[in-house]
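Remarks on the structure that follows.
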Amino acid sequence: MEKDYIQQRLHDFINRRLQAQNTINAMMEMRVLSININKKQVILQFPVQKWQLNPAGHMHGGMLSTAMDITMGCASYIFSDASFTPTIQMSVNFDKGIAEHETLVIEGYCDHVGSRIVQARAIAHFSDSDALVATANGSYAVNHRQN
């Protein structure tokens, strides 16, 4: 895949999420750190915000799952030729809590890009260390229908 094509797909993915104001995607404040075409990898960063916290003062598991889903969905979209890539299945394993004012970094990988399904995985860690926060696996449909 060409770098320009991947960059355009990434731009489309980000714009779609940010245009839908007041949705969870737009509220997550993601930032792209890097893309590695050879590894089929995208790395996104998410600042932990007060509204995302659980009663223990850590990012709610649903918010962490959402960030991981966005990252794997991004990788699935940019490394496939789909019009969109809805989540079919996802599992998350939580290892550590991440507190407000910390920054979550998620590496998303496409392990298989088929004509109908993308298999992806994600690794979440703190921005200032490699300490593992969570891991996830997901399956994404390769949908060619135009919206």
Side-chain angles (χ1 to χ4, degrees), residues 1-113 117-143:
M1 298 184 126
E2 288 187 28
K3 185 176 180 178
D4 290 343
Y5 177 74
I6 296 297
Q7 289 292 338
Q8 182 59 49
R9 302 267 307 160
L10 176 63
H11 180 75
D12 292 345
F13 181 87
I14 300 295
N15 281 343
R16 283 186 184 179
R17 266 117 203 103
L18 297 179
Q19 286 174 354
Q21 292 185 10
N22 298 319
T23 65
I24 194 73
N25 284 303
M27 294 168 63
M28 290 300 287
E29 294 187 23
M30 68 182 140
R31 180 174 161 228
V32 178
L33 294 183
S34 68
I35 299 171
N36 185 317
I37 296 172
N38 294 329
K39 291 182 180 180
K40 292 185 181 159
Q41 175 200 51
V42 63
I43 302 176
L44 302 181
Q45 177 177 290
F46 299 86
V48 179
Q49 303 167 66
K50 188 171 188 79
W51 67 268
Q52 298 170 327
L53 302 181
N54 63 21
H58 291 102
M59 185 181 223
H60 185 280
M63 295 295 99
L64 178 52
S65 296
T66 298
M68 296 186 86
D69 187 31
I70 289 170
T71 305
M72 290 186 294
C74 179
S76 296
Y77 178 78
I78 67 175
F79 293 113
S80 71
D81 64 350
S83 298
F84 61 102
T85 52
T87 310
I88 298 171
Q89 172 280 329
M90 182 175 153
S91 65
V92 180
N93 296 307
F94 302 98
D95 293 301
K96 270 190 173 70
I98 183 164
E100 183 182 7
H101 305 300
E102 294 194 62
T103 302
L104 182 66
V105 173
I106 304 177
E107 302 171 30
Y109 298 88
C110 288
D111 292 325
H112 170 75
V113 179
I117 294 176
V118 175
Q119 298 294 331
R121 63 188 159 91
I123 302 166
H125 55 87
F126 296 95
S127 64
D128 58 356
S129 76
D130 286 333
L132 188 65
V133 173
T135 59
N137 291 294
S139 301
Y140 296 80
V142 176
N143 197 319

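Of all non-hydrogen atoms in K40 and F79, the two that sit nearest each other are C-CE1, 3.4 Å. The minimum heavy-atom distance linking V92 with A136 is given by the pair CG2-CB, 4.1 Å. Nearest heavy-atom pair, A67 versus M28, reported as atom, atom and distance to 0.1 Å: CB-CE, 3.8 Å. Of all non-hydrogen atoms in S83 and Y77, the two that sit nearest each other are O-CE1, 3.4 Å. In terms of heavy atoms, S76 sits closest to V118 at OG-CG1, 3.3 Å. Here the closest non-hydrogen pair linking M90 and T87 is CB-CG2, 4.1 Å.
Distance SG/C110 to CD/Q41: 10.5 Å, rounded to 0.5 Å. Taking CZ of R16 as the reference point, atom SG of C74 lies at 12.0 Å (rounded to 0.5 Å). Atoms CG and CG, from D95 and L132 in turn, are 4.0 Å apart once rounded to the nearest 0.5 Å.
Looking at heavy atoms from C-beta onward, Y140 lies in side-chain contact with D69 at the 4.5 angstrom threshold. Taking the side chain as every heavy atom from C-beta outward, Q7 and I35 approach each other to under 4.5 Å.
Residue pairs that meet the side chain to side chain donor-acceptor pair (under 3.5 Å) test with at least one member in residues 23-34, sequence neighbours left out, do not exist here.
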CA sep, side-chain torsions, deciding dist, call: D12, Q8, side chain to side chain donor-acceptor pair (under 3.5 Å): CA-CA 6 Å; D12 292 345; Q8 182 59 49; 2.8 Å; yes
Worked check of side chain to side chain contact (heavy atoms under 4.5 Å, CB included) between E107 and H125: CA-CA 9 Å; E107 302 171 30; H125 55 87; 3.1 Å; yes
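Environment of CD in Q89: crowded, with over 12 heavy atoms of neighbouring residues, nucleotides or ligands closer than 6.0 Å.
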Can you give me every donor-acceptor pair (side chain of residues 99-106, partner residue at least two apart or in another chain, under 3.5 Å) with its distance?
from, atom 1, to, atom 2, distance (Å)
E102, OE2, A99, N, 3.2

Let me have the donor-acceptor pairs involving side chains of residues 43-54, under 3.5 Å, with sequence neighbours excluded, atom names and distances please.
from, atom 1, to, atom 2, distance (Å)
Q49, OE1, W51, NE1, 3.1
Q49, NE2, M27, O, 3.2
Q52, OE1, Q49, N, 2.8
N54, OD1, A56, N, 2.9
N54, OD1, G57, N, 3.2
N54, OD1, H58, N, 3.1

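For N36 and Y109, the side-chain atoms include no donor-acceptor pair closer than 3.5 Å.
For R9 and F13, the positive end is not near the middle of the six-membered ring at less than 6.0 Å and at most 45° from its axis.
Screening T135, N137, T71, D111 against R121 for a side chain to side chain donor-acceptor pair (under 3.5 Å) leaves a single residue, D111.
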